[in-house]
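All chains are named by letter (A, B, ...) in the order of the sequence lines, taking the proteins before the strands, and each is independently numbered beginning at 1. None of these values were measured; they are calculated from a predicted model.
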Amino acid sequence: MTRQPLNLLDHLHQTILQFLNPFTASLSQARQAHAQILKTGLSSDTNLTTKLLSLYANNLCFDDANFVLDSISEPNLFSYSTLIHAFAKLNQFGHALALFSQMLSRGLVPDSFLFPSVVKACAGLPTSKAGKQVHAIASVSGLASDSFVQSSLVHMYIKCDQIRDARKLFDRVPHRNVIICSALISGYSRRGCVDEAMQLLSEMRDMCLEPNVVLWNGMIAGFNQSKLYADTVAVLQKMHSEGFRPDGSSISSALPAVGHLEDLGLGIQIHGYVVKQGLGSDKCVVSALIDMYGKRACSFEMSQVFHEMDQMDVGACNALVTGLSRNGLVDNALEVFRQFKDRGMELNIVSWTSIIASCSQNGKDMEALELFREMQVEGVEPNSVTIPCLLPACGNIAALMHGKAAHCFSLRRGISNDVYVGSSLIDMYAKCGKIRLSRLCFDEMPTRNLVCWNAVMAGYAMHGKANETMDVFRLMQRSGQKPDFISFTCVLSACSQKGLADEGWYYFNSMSKEHGLEARVEHYACMVTLLSRSGKLEEAYSMIKQMPFEPDACVWGALLSSCRVHSNVTLGKFVAKKLFNLEPKNPGNYILLSNIYASKGMWSEVDRVRDKMKSLGLRKNPGCSWIEVKNKVHMLLAGDKAHPQMNQIIEKLNELSSEMKKSGYFPNTHFVLQDVEEQDKEQILCGHSEKLAVVLGLLNTPPGSSLRVIKNLRICGDCHAVIKFISSFEGREISVRDTNLFHHFKDGVCSCEDYW
DNA sequence: ATAGGGTTAG
């Protein structure tokens with residue numbers, strides 16, 4: 001390389017320095033400067049190379065940074081520190097730690113300034129393993145007594161869920177300052193340890209340490225995160241009463257809690273404070289206000305805050321979408337989402353996840369799947385929140401392929417161990433009829449919480465697998481996980497489906513005796529089902545009379561269903577009357593009653609019920625089934641004429657029905673409401689959506705492959721018989737999920753053993 | 001050059 005004349009080199013040096021100004025330099029300028037440095041042989045100028053390193057690091061150009069580092073003949077502590085500080089600040093923990101270990105292997109000794117950044121990188125990892133090692137290195141270097149190092153270590157232990165290690169370290173620190181106390185208090189708050197947090201706060205007084213705003217805010221945010229809403233608000237008020245002025249941070253972490261409490265007055269008061277303190281231009285505060293009003297069902301105030309914003313903000317838009325959806329206005333949520341998108345607003349992962357959640361929570365499952373696709377087309381990557389928002393939509397309409405795709409995505413992205421992702425996978429597979437895959441997901445989870453246990457039990461219950469449900473229940477207890485009222489709902493409903501009266505009573509009684517849980521209305525509903533299904537209608541009724549609270553529609557509904565199964569007109573009439581009072585607008589109850597009459601041939605009573613429905617403006621909810629064929633979900637309505645393959649379906653159905661008649665089957669026309677000619681009744685039965693869906697599946701899948709159908713109402717007895725026949729005649733495994741149970745048909749037999 | 005805090009999605 002030729003040496004340049006000195007004056008020119010000086011000039012170049014100046015130019016390069018300008019290019020490397022950390023405040024103004026762009027990435028392309030950094031690259032130009034890098035090229036110049038290489039050309040002019042200035043690589044040994046540590047001033048230049050360090051600036052270059054820092055620029056590359058701040059632009060997340062790891063390869064370039066490493067290249068520069070390698071080109072330095074003898075990188076020193078300063079070169080490494082520059083990079084490690086930058087990466088730690090930008091949450092690039094892996095890179096920061098890789099550089100740290102490289103640095104150590106070169107024999108360089110870290111100083112007390114470097115440790116906090118390294119520890120911060122360790123805090124971003126899921127376990128404290130690396131953090132403990134760094135702690136040990138700091139100790140042997142004699143730097144563990146530095147207050148910066150200590151507080152970063154406390155923070156690391158807390159982030160890695162090792163609060164006892166954090167406390168152990170804290171107790172050994174002789175001179176505590178506000179920062180280290182604040183780190184520990186925030187840790188306690190985040191874990192819901194209210195007493196410990198409060199205790200430490202008062203101990204600070206003894207140490208003559210005054211809490212500051214950051215400390216208060218850490219507590220507020222922590223309690224809010226622990227869902228201790230009352231405590232969250234209490235801290236905000238305590239802070240205020242002790243003369244500290246809550247800032248935007250305090251307000252935005254307290255408002256979510258205010259929304260959860262039923263104290264709209266406090267919310268309005270805080271809104272007033274925001275206006276008075278001029279916090280109204282703080283984006284987080286505005287989003288939090290919208291969220292609070294949304295949670296408290298104040299659609300008007302919510303929109304008002306939104307429209308009074310002086311600058312558009314994605315966070316506020318997202319809060320508005322969720323707020324609308326919370327108040328039953330999904331269509332409006334979809335509309336505003338579209339508007340934001342069309343106006344070129346930069347939608348983020350929260351925006352997409354919010355709208356997907358709105359859809360899957362409000363019966364717009366197909367829309368949720370479509371939005372998930374659209375989101376990926378737009379280049380937005382799903383995360384560990386998006387997946388649990390999407391999966392219920394897959395489960396609702398048994399879109400197994402979509403669910404599996406989401407599962408694969410989770411495995412690839414390493415988020416499948418997340419308890420939310422895991423429990424939503426368990427639920428999705430169960431609802432798609434894949435109970436073994438559901439169990440597999442459960443078995444493979446490294447950590448489980450109550451929701452996971454409940455999800456797998458609910459799955460087994462839904463599949464009528466009472467023994468498995470009880471097995472898991474026992475396993476849960478042995479693992480030390482305490483059951484909650486949902487766990488008992490799962491076990492009891494499993495027992496009720498199989499008519500296991502002894503087991504049902506055992507679990508029902510053990511709730512209060514052994515677990516200190518009072519039976520809720522849903523547990524009584526399970527017991528009513530259990531008793532009444534097996535024909536003990538009177539016993540079920542007396543159970544209702546003995547309930548310690550007013551029976552609700554679920555309880556009476558359970559009894560009415562059994563009256564239908566056992567064709568009990570007298571009790572059915574009585575129960576239906578109760579239900580008409582409790583939920584006058586639910587057509588299902590009228591249908592059940594008229595079915596009871598119809599099963600006894602009491603056609604004039606059937607007409608009376610139907611006339612009453614008509615006069616109330618009620619219509620039978622249309623039967624609707626879903627089936628996934630070749631990755632596409634088809635929706636079929638009862639008597640559907642719109643489906644393009646309908647002629648083929650009818651043809652196939654007729655073919656099947658003549659085959660059935662040959663083998664001695666007669667359509668069970670009791671399941672038809674109307675008093676019509678037998679011939680017509682048969683036609684009406686033919687139109688039931690579950691049959692249409694099964695036949696659509698037969699026509700479009702290879703022989704022998706299995707079919708999965710989801711129905712929005714209970715499966716009718718005739719369809720049950722027909723699908724049993726189809727399963728053996730066509731040699732298919734068919735599963736049909738109705739509102740409360742899975743029916744697995746195989747070789748002419750159903751898993752429910754005709755008890756449902 | 002180094003340490004503690006915020007909104008909107010489950």
Side-chain angles (χ1 to χ4, degrees), chain A residues 50 54 77-86 88-89 110-120 123 143 146-156 158-159 177-187 189-190 211-222 224-225 246-256 259 279 282-292 294-295 306 313-323 325-326 347-358 360-361 382-392 418-424 451:
Chain A
T50 310
S54 138
L77 175 62
F78 192 57
S79 330
Y80 277 105
S81 297
T82 307
L83 277 180
I84 293 173
H85 287 313
K89 195 181 269 177
D111 63 4
S112 65
F113 289 100
L114 181 54
F115 269 111
S117 287
V118 176
V119 174
K120 186 185 176 149
L143 295 170
D146 179 273
S147 78
F148 280 71
V149 176
Q150 286 168 338
S151 39
S152 67
L153 282 168
V154 166
H155 186 235
M156 180 275 297
I158 283 161
K159 283 282 285 278
N177 59 20
V178 186
I179 290 176
I180 200 164
C181 293
S182 172
L184 192 55
I185 288 180
S186 137
S189 310
R190 243 164 252 280
N212 59 20
V213 179
V214 175
L215 186 145
W216 288 115
N217 290 355
M219 266 180 116
I220 296 174
N224 176 52
Q225 205 178 303
D247 66 3
S249 215
S250 332
I251 298 298
S252 44
S253 12
L255 274 172
L279 296 170
D282 185 318
K283 286 176 179 173
C284 291
V285 170
V286 172
S287 307
L289 273 173
I290 294 172
D291 171 69
M292 182 274 293
K295 281 180 187 149
F306 182 80
D313 171 56
V314 217
C317 297
N318 299 344
L320 182 67
V321 165
T322 302
S325 152
R326 268 203 182 103
L347 300 176
N348 59 24
I349 180 64
V350 180
S351 322
W352 288 98
T353 306
S354 305
I355 193 68
I356 289 170
S358 304
S360 60
Q361 288 161 3
N383 65 13
S384 63
V385 182
T386 319
I387 302 299
C389 289
L390 174 76
L391 285 173
D418 181 286
V419 284
Y420 281 104
V421 173
S423 42
S424 59
V451 180

Checklist entry - What is the distance from CG of A/Leu77 to P of B/dA1, rounded to the nearest Å? => result 14 Å
Next on the checklist: Let's see if you can work this out: which of B/dA9, B/dT8, B/dG4 has an atom nearest to the side-chain heavy atoms of A/Ala183?
Outcome noted: B/dG4
Next on the checklist: Heavy atoms only, 4.0 Å cut-off, all strands: where does A/Val213 land among base, sugar-phosphate and nothing?
Outcome noted: base
Checklist entry - Heavy atoms under 4.0 Å, any strand shown: does A/Leu114 hit a base, just sugar-phosphate, or nothing? => result nothing
Checklist entry - Hey, does A/Ser112 reach any base, or is it just sugar-phosphate, or nothing, if we go heavy atoms under 4.0 Å? => result base
Item to check | Rounded distance (Å) that lies between atom P of B/dA9 and atom CD of A/Gln225 | outcome: 14 Å
Checklist entry - In whole angstroms, how far is the C1' atom of B/dT7 from the CD1 atom of A/Ile251? => result 12 Å
Checklist outcome for this item: Scanning both residues in full, the closest heavy-atom pair of A/Val285 with A/Leu255 reads O-CD1, 4.1 Å
Checklist entry - Under 4.0 Å between a side-chain N/O of A/His155 and OP1 or OP2 of B/dG4, yes or no? => result yes
Checklist entry - How far apart are the closest heavy atoms of A/Val421 and A/Ser384, and which atoms are they? => result CG2-O, 3.6 Å
Checklist entry - How close or far is atom C1' of B/dT8 from atom CD1 of A/Ile355, stated in whole angstroms? => result 13 Å
Next on the checklist: Among B/dT8, B/dA3, B/dA1, which nucleotide has an atom closest to any side-chain atom of A/Thr322?
Outcome noted: B/dT8
Checklist outcome for this item: Heavy atoms of A/Ser152 and A/Val119 approach each other most closely as O-CG1, 3.3 Å
Checklist entry - Taking the side chain of A/Ile179 as its heavy atoms from C-beta onward, which of B/dT2, B/dG6, B/dG4 lies nearest to it? => result B/dG4
Item to check | Whole-Å distance separating the CD1 atom of A/Ile387 from the C1' atom of B/dG10 | outcome: 11 Å
Checklist entry - Across the strands shown, which category fits A/Ser249 at heavy-atom distances under 4.0 angstrom: base, sugar-phosphate, nothing? => result base
Checklist outcome for this item: Among the nucleotides B/dT7, B/dA3, B/dA9, whichever has the atom closest to the side chain of A/Ser151 is B/dA3
Next on the checklist: Distance check needed: B/dG6 C1' versus A/Asn318 CG, whole Å only.
Outcome noted: 16 Å
Checklist outcome for this item: Closest of B/dA3, B/dA9, B/dA1 to the A/Pro116 side chain is B/dA3
Checklist outcome for this item: Among the nucleotides B/dA9, B/dG6, B/dA1, whichever has the atom closest to the side chain of A/Val350 is B/dA9
Next on the checklist: Heavy atoms only, 4.0 Å cut-off, all strands: where does A/Ser147 land among base, sugar-phosphate and nothing?
Outcome noted: base
Item to check | Nearest non-hydrogen partners of A/Gly218 and A/Ser189, listed with the distance | outcome: O-CB, 4.3 Å
Checklist entry - Which nucleotide, B/dT7, B/dA9, B/dG4, lies nearest any side-chain atom of A/Asn212? => result B/dG4
Item to check | B/dA9 OP1/OP2 closer than 4.0 Å to side-chain N/O of A/Gln361 | outcome: no
Checklist outcome for this item: Ranking B/dA9, B/dT2, B/dG6 by distance to the side chain of A/Cys284, first place goes to B/dG6
Next on the checklist: So, OP1 or OP2 of B/dG4: does either fall under 4.0 Å of a side-chain N or O from A/Arg190?
Outcome noted: no
Checklist entry - A/Ser250 near the nucleic acid: base, sugar-phosphate alone, or nothing, with a heavy-atom cut-off under 4.0 Å? => result nothing
Next on the checklist: Do A/Thr386 and A/Thr353 pair up side chain to side chain, a donor and an acceptor below 3.5 Å, judged on atom types alone?
Outcome noted: yes
Checklist entry - Any N or O donor-acceptor pair linking the side chain of A/Ser287 to the base of B/dT7 at under 3.5 Å? => result yes
Checklist entry - Got a sec, which residues hit salt bridge (Lys or Arg N to Asp or Glu O under 4.0 Å) with A/Lys295, two or more places apart in sequence or on another chain? => result A/Asp291
Item to check | Base B/dA9 to side chain A/Asn383, donor-acceptor N/O within 3.5 Å cut-off | outcome: yes
Checklist entry - If we ignore angles and hydrogens, is there a donor and acceptor under 3.5 Å between the side chains of A/Ser354 and A/Asn318? => result no
Checklist entry - Quick one: does A/Asp247 reach the base of B/dG6 with a side-chain donor-acceptor pair under 3.5 Å? => result no
Checklist entry - Could you state the CG-P distance from A/Leu83 to B/dA1, rounded to the nearest angstrom? => result 15 Å
Next on the checklist: Applying a 4.0 Å non-hydrogen cut-off, can you work out what A/Asp313 is touching in the nucleic acid: base, sugar-phosphate, or nothing?
Outcome noted: nothing
Next on the checklist: What contact category does A/Val178 fall into here, base, sugar-phosphate, or nothing, at under 4.0 angstrom with non-hydrogen atoms?
Outcome noted: base
Next on the checklist: So, OP1 or OP2 of B/dT8: does either fall under 4.0 Å of a side-chain N or O from A/Arg326?
Outcome noted: no
Checklist entry - What about A/Ser252, does its side chain sit under 3.5 Å from the base of B/dG6 through a donor-acceptor pair? => result yes
Checklist entry - Which whole-number value in Å describes the distance from A/Phe148 CZ to B/dA3 P? => result 8 Å
Checklist entry - Where the side chain of A/Asp418 is defined as all heavy atoms beyond and including C-beta, which of B/dG10, B/dA9, B/dG4 is the nearest nucleotide? => result B/dG10
Next on the checklist: To check you understand the geometry: which heavy-atom pair defines the closest contact between A/Asp282 and A/Gly248, and what is its length?
Outcome noted: OD2-CA, 3.8 Å
Checklist entry - With distance as the sole criterion, do the side chain of A/Asn177 and the base of B/dG4 form a donor-acceptor contact below 3.5 Å? => result no
Item to check | Touch class at under 4.0 angstrom, heavy-atom based, for A/Asn348 against every strand present | outcome: nothing
Checklist entry - Reckon A/Val286 touches a base, only the sugar-phosphate, or nothing at all at heavy-atom distances under 4.0 Å? => result nothing
